[in-house]
Each structure stands twice: as structure tokens, then as C-alpha cells.
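Below, each value reflects all heavy atoms present in this structure, side chains not excepted, and no hydrogens, waters or symmetry copies.
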Amino acid sequence: MALSMIELIGKTPLVQLRRETIEHASVYAKLEMHNPFGMKDRVAKQVILEAKRTGELKEGAPIVESSSGTLAMGIALVGTYLGHDVHIVTDPRIDQLTYTKMKSLGVHVHIVDEMGPSGGWQQARLDYLDGLLMRYPDAFWPKQYENIENPRSYHELADDLIADMGHVDILIAGVGSGGSLCGTAERLKKHNPNVKIIAVDAAGSSIFHQNDRPGRLQGGLGNSLQPKNVNYSIIDEVHWLNDEEAFSWTLELARYEKIFAGNSSGSVYAVAKWISRTVDPNTKIACIFPDRGDRYYTTIYDEMYLKNKEINPFALNDSPRKIEHIQDTDQWSYIFFENGKCLHEKAIVY
């Protein structure tokens with residue numbers, strides 16, 4: 001049966017990663033990069049269709065959003081497909097491929113030229129977006145970092161994991177806006193209240209109360225803000241990887257598993273491999289690979305870029321350091337997050 005481009009969103013495969021020895025637990029990866037443009041196509045579809053249903057998005061009204069990559073492409077696809085002008089506010093970190101794709105779909109791309117005094121590039125983009133809302137008072141702003149439809153869009157992903165795996169003991173996923181990890185986790189907990197939830201972040205991200213380092217090189221992972229869609233109460237463990245670790249494991253994912261992905265997937269891959277060696281072999285581990293590697297062909301996959309940034313592409317650290325309290329880290333570190341939950345009094349329920 002033929003599908004429209006919007007109906008195609010969410011039809012993504014699950015693959016089992018290679019098992020090096022019989023002692024290792026099975027790891028299954030949901031290849032969200034097989035959506036038309038990436039994992040956040042799901043968010044764009046859910047948010048925009050719901051806004052049209054409720055009347056919040058009026059016929060022909062523009063859509064404005066702040067994004068540095070994958071959500072921008074999802075909104076570009078769904079918004080323009082349904083006849084809306086789309087305005088994306090981004091920053092100089094946007095790669096040429098994503099910029100070219102957005103322009104080809106008819107998107108108005110606005111690039112801020114400097115960071116704000118606080119909040120990094122995210123805050124600078126949001127400040128610019130405020131100006132667009134004044135210019136277009138009938139515009140719809142999806143607000144990916146706090147829109148409840150963001151995590152809800154991943155309920156279907158969780159249902160797919162249950163249908164394909166039968167049972168999930170551990171979920172491992174990256175955190176940017178909080179939607180994919182927390183939305184999938186909430187749904188999985190309805191099937192298995194004891195499922196363990198492991199978050200993967202970038203060193204120098206402030207999501208889990210490290211000090212923000214806006215100069216970090218990783219894309220997709222991390223944030224200079226603490227998004228409202230991060231449900232801290234359901235997270236059991238947090239891992240932070242630095243740029244070199246994230247990039248080298250992304251390259252290893254391509255070399256060994258033949259999955260050409262971005263650094264969000266590479267970091268999740270590293271954590272999933274390590275976790276698989278620490279648990280019972282019968283444990284079923286699910287992880288989410290959100291992004292294709294295309295937009296990173298001039299960075300992660302470019303030898304000269306790695307050399308200029310003094311990044312060793314074979315720096316496969318596989319011995320993360322356990323820490324007891326939240327602190328800034330400069331290498332792969334992890335924490336059992338029970339102590340961190342007290343920083344957030346109210347859990348979000350999706």
C-alpha cells in the first residue's frame with residue numbers, strides 16, 4: 001500500500017547489534033534515521049497535526065521554531081507539505097547539508113550571528129524567535145522543549161519495541177529536548193514498571209546540572225538549558241561522553257555495525273555496548289539511534305576536521321568513570337541518578 005510522506009513517518013526498523021561473545025546481553029537498535037529526515041519527524045507530525053486538530057494552528061498560518069538540525073527538517077517536511085510557511089531559527093553550527101535541504105523544501109531560514117549573554121546559542125535563537133512572533137502574531141510555535149506532544153509522539157516507538165522485542169529490560173537513549181527518551185520510557189513503564197532508563201548526554205551540557213560549555217562539538221545531544229520535557233523522575237542512570245569519545249564511537253558504529261549515523265547514535269552505541277557486558281546475558285536492551293551521518297560528513301567523518309580539532313578517531317574509551325555526585329566531567333562518566341532526582345520536585349506525566 002502506497003503511503004504519503006507524512007504517513008511514512010514512524011515506519012522504522014529494529015536491528016540486533018552484533019554479539020561479540022555469548023556472555024553479552026542482546027542489544028537492539030531502533031533506527032530512527034530511517035524516517036524521511038530523522039527521528040524528530042515524529043515530533044513534527046504529532047505536534048502539527050494536533051495543533052491543526054485543536055485549531056491552535058490555523059489554516060495557512062506560518063510555523064516558527066528554533067532548531068539546529070533534525071527537528072527543523074521534520075517541521076519543514078510536515079509544515080510545508082500541509083501548506084504552511086515555515087520559519088526556522090538556527091545558528092552558525094548548522095551544517096551546509098541541512099541548510100540546503102531546508103531551503104529546497106521552501107523553508108525561511110534565519111541564522112543568529114552571536115550567542116546571548118547566557119543560555120548559549122539556544123537562548124540567542126529563542127530571543128530572535130520572539131521577534132518573529134511579533135512580526136507574525138498568528139504564527140504557531142511548536143515549543144519543542146516543553147510541548148507535551150513531543151514526548152507523546154514517541155509512544156508509538158515504545159509500542160513498536162514491545163511488538164518487536166516482546167519485553168524491554170533496559171532503554172538507552174540520548175537527551176536533547178527530553179522527548180524521545182522520556183516519552184518512550186513512560187510508555188515502556190506501562191508494560192514493565194521495572195524497566196531501567198539510561199540517559200546519554202554530552203559532557204559540557206547543562207541538562208543534568210553540569211556547567212554549560214557552548215563550545216562543545218557534539219550535535220543533537222546536550223543542551224544549554226534544562227528542557228521542561230525532561231522527566232528526571234524516571235531516569236535511573238546518566239552517562240556523559242566528551243567530544244572525542246562520542247566521535248570515535250560514532251566512527252566505530254559505522255566500521256563495525258555498518259550503521260552510518262551521527263554522534264547521538266555513536267554515544268548511545270558506546271553506552272549500550274558497555275552496559276551489555278555488565279548485566280545478565282538474558283537481559284534485553286533497547287536503544288534509539290536518532291540520526292543519519294549525512295550532516296556530519298564535513299566533521300565527524302572528515303579526517304582533516306578531526307586532525308584540526310585534535311580528535312583521535314580511534315580513542316575508544318570503554319571504561320567509564322563512576323561518579324557519586326553531579327559534577328563537571330571531561331571524560332566518559334556516569335552516575336546512578338537517584339541523588340539528581342531531588343533537584344526536581346515535580347515529575348512530568350505524559
Side-chain angles (χ1 to χ4, degrees), residues 17 24-30 150-151 154-155 157-158 161-162 165-203 205-210 221-223 226-241 245-246 249 264-265 267-290 318-327 329 331-350:
L17 302 185
H24 288 196
S26 297
V27 178
Y28 299 85
K30 186 71 165 167
N150 178 346
Y154 295 102
H155 288 181
L157 192 159
L161 290 176
I162 294 298
M165 296 174 59
H167 181 79
V168 177
D169 297 299
I170 299 174
L171 173 69
I172 305 172
V175 184
S177 70
S180 59
L181 172 70
C182 298
T184 306
E186 280 284 342
R187 189 73 156 205
L188 287 178
K189 280 187 172 292
K190 294 185 181 300
H191 296 274
N192 174 19
N194 296 317
V195 62
K196 183 176 182 179
I197 308 302
I198 299 178
V200 182
D201 196 9
S205 160
S206 66
I207 296 176
F208 295 97
H209 300 278
Q210 291 189 356
L221 276 184
N223 208 309
Q226 279 132 27
K228 294 181 180 179
N229 274 329
V230 178
N231 183 351
Y232 296 89
S233 70
I234 64 170
I235 294 170
D236 299 297
E237 190 171 316
V238 180
H239 288 247
W240 296 270
L241 277 72
E245 292 162 338
W249 278 108
S264 298
S265 301
S267 294
V268 169
Y269 174 58
V271 175
K273 279 180 65 70
W274 183 75
I275 291 291
S276 75
R277 300 199 305 268
T278 67
V279 297
D280 185 279
N282 295 317
T283 303
K284 286 189 174 182
I285 302 170
C287 54
I288 301 174
F289 288 174
D318 62 356
S319 300
R321 178 171 63 101
K322 182 183 175 184
I323 58 178
E324 300 299 330
H325 304 285
I326 291 177
Q327 61 192 69
T329 60
Q331 66 181 83
W332 182 359
S333 305
Y334 71 98
I335 187 173
F336 296 132
F337 195 58
E338 191 61 37
N339 290 338
K341 293 178 184 178
C342 67
L343 297 170
H344 302 270
E345 295 180 356
K346 293 183 180 180
I348 303 170
V349 179
Y350 306 124

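- Once rounded to the nearest 0.5 Å, the distance linking CD1 of I170 with NZ of K196 reads 5.5 Å.
- The distance from atom CD of E245 to atom CG of D318, rounded to the nearest 0.5 Å, is 10.5 Å.
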What verdict does the side chain to side chain contact (heavy atoms under 4.5 Å, CB included) test give for F336 and E237, after you've listed the backbone C-alpha separation in whole Å, the side-chain angles of each residue and the deciding distance to 0.1 Å?
CA-CA 5 Å; F336 296 132; E237 190 171 316; 3.2 Å; yes
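- Across all non-hydrogen atoms, the minimal contact from V175 to I207 is O-CD1, 3.5 Å.
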Side chain to side chain contact (heavy atoms under 4.5 Å, CB included) between L157 and S180, worked out
CA-CA 9 Å; L157 192 159; S180 59; 6.0 Å; no
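- Listed here is the closest heavy atom pair of V27 and S276: CG2-CB, 3.8 Å.
- Ring pair Y232/H209 is tilted by interplanar angle, where 30° to 60° counts as tilted.
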Can you list the steps and then say if W249 with V271 is a side chain to side chain contact (heavy atoms under 4.5 Å, CB included)?
CA-CA 10 Å; W249 278 108; V271 175; over 6 Å; no
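- Note: L221 CG to S265 OG = 8.5 Å, rounded to the nearest 0.5 Å.
- L188 CG to H155 NE2: the interatomic distance, rounded to the nearest 0.5 Å, is 9.5 Å.
- Considering every non-hydrogen atom in both F289 and A29, the closest pair reads CE1-CB, 3.6 Å.
- Interatomic distance, CD1 of I275 versus CD1 of I172, reported as 5.5 Å (0.5 Å rounding).
- Using modelled atom types, one side-chain atom of Q210 and one backbone atom of Q327 make a donor-acceptor pair closer than 3.5 Å.
- Contact check for I288 versus Y154: no side-chain heavy atoms found under the 4.5 Å cut-off.
- Atom CG of residue L171 and atom CD1 of residue I197 lie 4.5 Å apart, to the nearest 0.5 angstrom.
- For the pair A199 and F208, the tightest heavy-atom approach, listed with the atom from each and the gap, is CB-CZ, 3.8 Å.
- Residues D169 and I285 fail the side-chain proximity criterion, which asks for heavy atoms closer than 4.5 Å.
- Put simply, the side chain of S233 never gets that close to the backbone of N231: no donor and acceptor are under 3.5 Å apart.
- Ring planes of H239 and Y334: parallel class, angle under 30° (limits at 30 and 60°).
- Here the side chain of N192 pairs a donor or acceptor atom with the backbone of V168 at under 3.5 angstrom.
- Annotation for V200 and S267: closest pair CG1-CB, 3.7 Å, computed over non-hydrogen atoms.
- V268 approaches G174 most closely through the heavy-atom pair CG2-N, 3.5 Å.
- At a threshold of 4.5 Å between non-hydrogen side-chain atoms, the residues L17 and Y269 count as touching.
- Contact check for I326 versus V238: no side-chain heavy atoms found under the 4.5 Å cut-off.
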